[in-house]
Amino acid sequence: MGRSGGGLGAGRGGKDSVFVPPVDQYRRRIGQISRKDKQINKEVKKKQQFKENRTEDYKDSALIVLAVLTVFAMVYLLLFFAVRKETKDV
């Protein structure tokens with residue numbers, strides 16, 4: 001027990017113990033905090049970009065639906081007048 005601080009190596013200054021200076025502990029803690037902050041900032045940024053892009057997505061979707069409806073209307077009118085001309089000729 002004498003110098004090793006209890007035999008388990010958990011003492012502060014024993015020959016078997018591992019002493020981590022408080023500065024290293026502080027740096028590790030700061031590193032973990034900054035990593036967490038970066039992760040939180042990334043999530044917030046993604047949410048903000050999603051909100052900003054939502055209106056653009058709705059506009060794009062509306063334009064696509066409008067284009068498809070226009071194509072269907074053109075085909076319908078084309079077929080309507082084609083069939084109508086055939087019935088008049090007969």
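Because only heavy atoms are used, hydrogens play no part in the values below, and waters and symmetry mates are left out as well, while side chains stay in. Along the sequence shown, the residues carry numbers beginning at 1.
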Sequence neighbours excluded and cut-off under 3.5 Å, please list the side-chain donor-acceptor pairs for residues 60-80, or say none.
| residue | atom | partner | partner atom | Å |
| --- | --- | --- | --- | --- |
| Ser61 | OG | Asp57 | O | 2.9 |
| Thr70 | OG1 | Leu66 | O | 2.7 |

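Counting side-chain heavy-atom gaps under 4.5 Å among Ile, Leu, Val, Met, Phe, Trp and Tyr, the cluster of Ile40 also holds Val44.
Other residues, nucleotides and ligands place more than 12 heavy atoms under 6.0 Å from the CD atom of Gln49.
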